[in-house]
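Below you'll find the structure, written out as structure tokens, and then a few comments.
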Amino acid sequence: MEHLLSPSGAGPISIPYVGGRVFEADTTPSTDILYYLKSYWDRAGWQRHPVTGDLSFRNRSPLEIVQSLQTSLYFGPLLSIFSRVGVHISTRDFLETSPTGQEIFVHTTNLPRFIAEWAKREGFSNGPPVSTGFTPKYMRGENIKEMLSWALYYLQTFFTQESKAMVEPYKSHMQLVELSIMAMGESLCSVLCAIYGYSMGDMATWGPSPILRARLRQNGWCTSDSPFFPESMASVSISADYYFGSFPCPRQRGDHSECTAAICNEYCKKIKADEYEQKHVSSNCSCKAVEIPDEAIHLVARKQIPTVLWDGLEMKVSIGSILNPYVAVSHV
Amino acid sequence: MIPFWIDTLCVPVGEKNRYLEGDKTRDLRKEAIGQMAETYRQADRVLVLDSFILKLPYSADVIDKYLGIHLSNWHHRLWTMQEGQLASRLFFQFRNGAQSLDMIKRYELHTIDRLAPQNLCSPVRLLCASELESFYRESELNSNRRSNITARLRSCAHYLRSRETSRSEDEAVCVANILGLDAKRILRHDGADDRMACLFDLIGVLDPRIIFHNHPRLKKDGYRWAPGTFLRQLPDIIVFPDTQAKWANSIPVAVIPGGGGFPVSFGGFEFSHESATLLRRGSTMFVKQVTNGLGPPRRPGDPSAPWFGCVYKMEVQQVPNDVHLLQSRQHQRWAVILPFYLEKDYLPFSGILGIIDDGAPPRPAAAEQIQRSVWTAIGPHGVQLPAYAIPYRIRVRFVCRVNVSMPAQETVPRNAPLTWVWAYNIQQEWCLR
């Protein structure tokens with residue numbers, strides 16, 4: 001998760017490396033990288049349903065399931081995508097051993113460097129992908145898009161379903177591995193769009209992650225605060241939730257248990273006219289509220305826009321227009 | 001010094017000020033509100049004052065500024081969405097200076113390389129700099145106002161979910177201003193429902209799929225199909241699973257103004273029933289096509305029963321509060337409107353249940369009439385589908401939503417009472433009121 005922006009001093013989320021046979025262990029890799037990715041489970045000896053062809057996790061231990069999903073849906077697409085563009089990386093480039101040597105974690109510190117190499121080879125797009133002619137660059141873009149779609153499909157198919165019956169620590173491992181795949185997928189989609197010209201609006205949404213949502217709640221964010229960029233075509237649910245969830249919400253709004261995903265209860269509070277307190281420029285001022293000047297009322301009656309000018313001593317009313325530019329104040 | 005407009009000093013309120021020289025035929029407060037869109041549109045600048053944003057220094061980081069606005073009360077009020085979008089230049093007052101969204105964006109883009117790997121991996125900073133500016137320039141960027149009003153309404157409804165207002169009757173006025181419609185016509189009405197009804201008349205054309213929305217509905221005859229509010233509503237006003245969206249009829253249709261109803265072409269079915277037992281939340285019925293019979297298979301080579309040989313389940317969802325006003329009649333004609341066919345490939349779906357108006361054209365009831373009608377045909381994928389439609393509009397008073405599904409046939413109790421229905425194809429015209 002180190003490739004995602006986070007505030008300085010924020011504690012990282014550690015993604016465990018659960019081990020198992022590395023994705024690139026096959027000594028006879030196919031030249032068809034896409035096929036090689038999609039056939040991983042068959043090469044690794046996983047059973048399929050005889051009629052539907054669905055992958056079967058029966059008679060597999062929780063550890064085997066988590067290992068398989070991390071290898072096939074995290075390292076598989078990652079290595080395959082970079083291999084497709086001629087940047088050769090390995091599983092080891094994304095592993096780091098803890099200081100005690102007891103644990104191994106997945107680290108993405110090297111990812112930006114590999115992305116820079118990818119961008120250097122392909123260049124950035126200056127328009128949408130052109131499908132006529134099927135240029136090599138266009139085909140690489142389509143392949144990568146398919147790899148990411150494949151990973152997302154199986155992420156959504158397997159993770160929630162398989163982790164339901166799991167016990168700890170595998171349940172937590174599944175959620176963390178799921179999060180890492182989402183984070184990687186979202187970032188690679190962003191790179192795909194920049195290099196090959198796809199629209200971010202056409203990319204799938206990888207989130208939300210239950211781990212990141214829980215983190216946001218613990219830090220006082222409301223369920224309605226996310227997505228943080230609802231107007232954006234770029235679905236950055238993972239990188240945004242990760243960034244903002246790493247510190248307390250700067251506006252504490254009390255208990256959010258009654259809030260909905262649409263709006264925080266704080267914003268639904270009605271202001272009672274008799275409880276409203278006027279603000280003064282200086283704290284010891286007790287001047288009375290100023291009423292609308294009569295001249296302004298007459299301007300409204302003449303369907304004109306009244307504006308006021310305060311010079312510190314008196315208020316002057318004039319007609320607001322293009323010839324008499326004015327500032328309109330917007331407040332609650 | 002520059003003059004300013006602020007509602008507390010420029011909008012007449014109170015008995016004394018609203019009616020000039022006691023003339024109650026003109027409500028100057030309403031007139032000033034009717035003028036608000038122009039007020040903000042013509043302003044040289046719009047300045048936002050919010051106590052949470054005011055705490056931030058001018059020099060705050062772009063992410064802090066974004067959060068300041070995102071979490072502010074100002075960003076969650078109904079009127080301010082209009083005010084922000086109508087502004088030609090929108091400024092925010094920080095503790096020691098004002099800055100426009102454009103200035104914030106340009107400063108940040110000057111210092112940020114959006115194609116740097118770290119920014120591609122995590123575009124949070126970039127979005128903080130640009131998102132609000134794009135959003136509040138929505139009406140400026142969207143210059144072709146009338147031709148895509150259905151899309152703009154949908155988009156506006158989406159943004160309004162996180163907004164609130166103290167006065168529900170203001171919603172229609174604000175939406176009209178945002179969509180570039182004449183809000184003064186809405187202000188001629190009082191009451192939230194009347195104003196929303198007027199809004200839909202002004203919008204004029206709507207995506208017909210809107211009738212399947214799950215928002216609270218207007219309690220006004222002629223408009224019971226329409227959303228009563230967009231505020232605080234989470235679902236989209238067009239609710240279709242992605243897999244089905246491409247099939248549903250989405251060509252905009254004109255609303256019949258003045259409460260004439262909303263004419264749509266969709267599938268569905270009708271039946272007779274006494275209302276007292278039907279209209280309870282959660283009440284379910286098993287329904288089946290009255291023809292119940294012999295006919296070609298579902299699809300060549302497919303041994304499963306065709307649509308008319310299957311039992312469907314209809315479950316009443318939310319029953320409106322005024323349902324007790326409906327007169328209970330023994331052979332009341334009811335209609336369920338579905339976007340597609342009464343066939344398992346197109347179910348489950350939440351359709352519309354309504355009462356067919358008296359005087360609606362009859363559908364085949366007698367065996368010989370049924371035999372003379374084409375009521376099933378092979379559809380686009382070789383599957384048998386309902387084929388019957390009458391060349392008249394069936395007027396239906398909206399009552400509530402119902403969930404229609406096809407349960408596994410072996411789970412249907414053998415002695416379950418069946419309600420016999422008559423299915424229509426997707427060309428059937430209904431007028432929902």
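All heavy atoms count here, side chains included; hydrogens, waters and symmetry mates do not. In the text below, chain A, chain B and the rest are named by the order of the sequence lines, each starting its count at 1.
Contact of B:Arg18 with chain A is not made at all, since no heavy-atom distance falls under 4.5 Å. Heavy atoms closer than 4.5 Å to chain B are found nowhere in A:Ser224, neither backbone nor side chain. Neither the backbone nor the side chain of A:Arg113 comes within less than 4.5 Å of any heavy atom in chain B. Contact annotation for A:Phe228: both backbone and side-chain heavy atoms come within less than 4.5 Å of a heavy atom of chain B. Residue A:Met184: no heavy atom, backbone or side chain, is found under 4.5 Å from chain B. For a residue to count as touching a neighbouring chain, one of its non-hydrogen atoms must lie under 4.5 Å from one of that chain's; by this rule A:Cys249 touches chain B with the side chain only. Neither the backbone nor the side chain of A:Ile195 comes within contact range of chain B, judged by heavy atoms closer than 4.5 Å. Contact of A:Ala116 with chain B is made through backbone and side chain together, with heavy-atom distances under 4.5 Å. In this structure, chain A has a heavy atom under 4.5 Å from the backbone of B:Thr165, while its side chain stays farther away. At a 4.5 Å heavy-atom cutoff, the contact between A:Gln304 and chain B is made by backbone atoms alone. Of the atoms belonging to B:Ile63, it is side-chain heavy atoms, and not backbone ones, that fall under 4.5 Å from chain A. Both the backbone and the side chain of A:Ala328 come within contact range of chain B, each with at least one heavy atom under 4.5 Å from a heavy atom of that chain. Heavy atoms of B:Arg26 lying under 4.5 Å from chain A belong exclusively to its side chain. With a 4.5 Å cut-off on non-hydrogen atoms, A:Tyr243 touches chain B through its side chain but not through its backbone.
Judged purely by atom type and a 3.5 angstrom limit, A:Ser190 uses its side chain to pair as donor or acceptor with the backbone of B:Leu120. Checked by atom type and distance alone, the side chain of B:Ser122 pairs as donor or acceptor with a backbone atom of A:Leu5 at under 3.5 Å. Within the 3.5 Å criterion, the main-chain N or O of A:Asp225 finds a donor-acceptor partner in the side chain of B:His70. Checking side-chain atoms of B:Tyr40 against main-chain N and O of A:Val329 turns up a donor-acceptor pair under 3.5 Å.
Heavy atoms only, all atoms of each residue included: B:Trp74 and A:Ser330 are closest at NE1-OG, 2.7 Å. Looking at every heavy atom in both residues, B:Arg77 comes nearest to A:Val332 through CG-CG1, 3.1 Å. The two residues A:Lys303 and B:Glu31 make their nearest non-hydrogen contact at NZ-OE1, 3.5 Å. Scanning all heavy atoms of the two residues, the minimum distance from A:Leu309 to B:Pro3 falls at CD1-N, 3.4 Å. Looking at every heavy atom in both residues, B:Leu9 comes nearest to A:Ile292 through O-CG1, 3.1 Å. In terms of heavy-atom proximity, B:Gln42 sits nearest to A:Ile322 at OE1-N, 4.4 Å.
Under the side chain to side chain contact (heavy atoms under 4.5 Å, CB included) test applied with A:His331, the options B:Asp7, B:Leu47, B:Asn73 reduce to a single match, B:Asp7.
Taking SG of B:Cys121 as the reference point, atom CD1 of A:Ile115 lies at 3.5 Å (rounded to 0.5 Å). Interatomic distance, B:Arg29 CZ to A:Ile297 CD1, rounded to the nearest 0.5 Å: 14.0 Å. One distance of note links CD1 of A:Ile263 with CG of B:Leu234; it measures 11.5 Å at 0.5 Å rounding.
Between A:Val327 and B:Trp5, the closest side-chain pair of non-hydrogen atoms is not below 4.5 Å. Side-chain contact between A:Asp311 and B:Met1 is present, with heavy atoms from C-beta onward closer than 4.5 Å. Contact check for B:Leu71 versus A:Pro250: side-chain heavy atoms found under the 4.5 Å cut-off.
When each of A:Trp310, A:Trp221, A:Tyr242 is checked for heavy-atom pairs under 4.5 Å with chain B, A:Trp221 comes out on top. For the options A:Ser187, A:Pro7, A:Ala119, heavy-atom pairs under 4.5 Å to chain B are most numerous at A:Ser187. Put simply, of A:Ala194, A:Ala240, A:Ala296, A:Cys268, the one with the most heavy-atom pairs under 4.5 Å next to chain B is A:Cys268. When each of B:Glu38, B:Gln93, B:Glu164 is scored by its heavy-atom pairs under 4.5 Å with chain A, the top score falls to B:Glu164. Most heavy-atom pairs under 4.5 Å with chain A, from the set B:Gln118, B:Arg45, B:His76: that is B:His76. Ranked by non-hydrogen atom pairs under 4.5 Å with chain A, the options B:Leu90, B:Thr39, B:Asn119 are led by B:Thr39. Residue with the most contacts toward chain A among B:Leu132, B:Leu67, B:Thr80: B:Leu67 (heavy-atom pairs, distance under 4.5 Å).
Atom CD of A:Glu258 sits in a sparse spot, with 12 or fewer heavy atoms from other residues, nucleotides or ligands closer than 6.0 Å. The 12-atom threshold is exceeded at CZ of A:Phe124, counting heavy atoms of other residues, nucleotides or ligands nearer than 6.0 Å. Heavy atoms from other residues, nucleotides or ligands lying under 6.0 Å from CZ of B:Arg114 number 12 at most.
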| request: Please lay out, stage by stage, how B:Phe4 and A:Val308 fare under the test side-chain contact (heavy atoms from CB on, under 4.5 Å). | output: CA-CA 5 Å; B:Phe4 61 93; A:Val308 295; 3.5 Å; yes
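Between B:Tyr66 and A:Phe229, the gap from one ring centroid to the other is short of 6.0 Å.
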